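Scope of the values below: all heavy atoms of this structure, side chains included, with no hydrogens, waters or symmetry mates. For clarity, every value in this text was computed on a predicted model and none was experimentally measured.
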Amino acid sequence: MRAIWLAGLLLLASIQAGAAEYRPIPGGEFRTALPPTDRPTVSLPPYALRALPVTQGEFLAFVRQNPQWRRDRVPALFAARGYLDDWAGPTELGKIDPQAPVTRVSWYAARAYCASEGATLPSWYQWEFAAAADASRADARDDPAWRQAMLDWYASPQHGALPPVGSDRNVFGIYDLHRLIYEWVEDYNGLFVNSDSRTQGVVQNLETCGAAALSLGDRQNYAILMRIAMLAALDGNDTLGLVGFRCAKPVDHR
Amino acid sequence: MQKKSRWLLALSGLLFWTSLMAAPLPGDSIYQLDLSLTDMAGKQVKLADFAGQPLTVSMFYGNCSSACPVLLKKLQASAKKLPTNAYRHLSILLVSLDPANDTADSLNMLIDDDKLDPKVFRLAVARNEADTRQLASVLGIKYRRLDNGTINHSTRIVLLDAQGRVLYHDDRIGVGADAALIEAWHTQLK
């Protein structure tokens, strides 16, 4: 009898361990690099964000359960060549650390993974809000030291295997938003900026179908602008070695 | 005897047709996307239902006052330049970027207001924002919603072959007939 109880508890514990952790993020009025109006801020409702980027091991489990996302079966429309091609086989990691963040995944594959957790990719604003924090402040972006630390990552070329997730925790309990990988967002194809933001008048209005022209705010925040430029240059089926993802959910109203 | 051969002909025709239907789509076909749309008549269609003949696709939204009318004018003016036999085969699908506000009724009004030929133009809207974003992604169309209700978007026109592979696309703005688009239609509808 006691053995059955123990087995049940162990099962419960393993289910708990398998579920990804999502942390509540308060949202609010927020200064953004991509303002949706003439004002420099956006009003962001509360949401929940995955504490950790999705790992190689987690993505492997997903591919095993959803064979249409195997690299030898996925249509080219949804994943270009290069998709998971650092794995030893279609369902084998080989030497890759299962705790490292998964990369070489397309936007479509990332979305499908998030759907399997009952989640979606975060919007750009949801990612940007959480990524403004450091270990002790909700918005550390005006601190020159913080900005420099972010920039240093972009300046140093990444060599070799990516380290495991879970090393850089911010005040919301979200890890690795900087200095590990780039991350897909749901509206990656909404992050366009005019190739020349000095473009004025009729041409600009016509190109963007709207009186409000899009321009970059927060021009000093180069680290964030690098992210935007990177994501804006991608196609949905691109699979890059430094692009991974995490997921987001609506907040629990319990 | 004659009756029997006619039967055989019909049967082989049917077999040929079913073999076409059963042929797997190319990996880069846009019809790989499982997408449900509601058209201006309120009819439910799947994107893949358009497979089997050439299709021209773009995205727009009903409450759009600058780029969308220009896009429609460019399509209309260019289509008018086609010879009758090519025009007859022309099929243009326009999908809304604004699933929260566009409905069969609003799409129908656009057909009337802009005097779009309903034999050529099919206006449709996806079920939600996520499906709309996914279609925009496969077409290479960029868009984002602003606070004042307008939607910034690129004005891409995409020409597909019968299997849903991209033959041609352009993002040019202009209200007149577009020589490159007409040329591409000639090739597509040959």
Those residues of residues 74-87 of chain A, ordered by number, that approach chain B below 4.5 Å (heavy atom to heavy atom): A:Pro75, A:Ala76, A:Leu77, A:Phe78
Do A:Asn189 and B:Arg144 make a side-chain contact, defined as non-hydrogen atoms from C-beta onward lying under 4.5 Å apart? no
Do side-chain atoms of B:Lys142 reach the backbone of A:Tyr188 as a donor and acceptor pair under 3.5 angstrom? no
Heavy-atom side-chain contact between B:Gln134 and A:Tyr108 under 4.5 Å: yes
Sort A:Trp124 into side chain, backbone, both or neither according to what part of it lies under 4.5 angstrom from a heavy atom of chain B. neither
Does A:Glu21 CD have over 12 foreign heavy atoms under 6.0 Å away? yes
Highest number of heavy-atom pairs under 4.5 Å with chain A among B:Ala136, B:Pro26, B:Gly140, B:Ala130 belongs to B:Ala130
Any A:Asp187 side-chain heavy atom under 4.5 Å of B:Arg133 side chain: yes
Check this for me: A:Asp139, atom CG, are more than 12 non-hydrogen atoms of other residues, nucleotides or ligands nearer than 6.0 Å? yes
Is the number of heavy atoms from other residues, nucleotides or ligands under 6.0 Å of A:Gln68 CD greater than 12? yes
Part of B:Ile141 lying under 4.5 Å from any heavy atom of chain A: backbone
Residue B:Lys81 excluded, over 12 heavy atoms near NZ under 6.0 Å: no
Measure the spacing between CZ of A:Arg111 and OG of B:Ser137 and express it to the nearest 0.5 Å. 7.5 Å
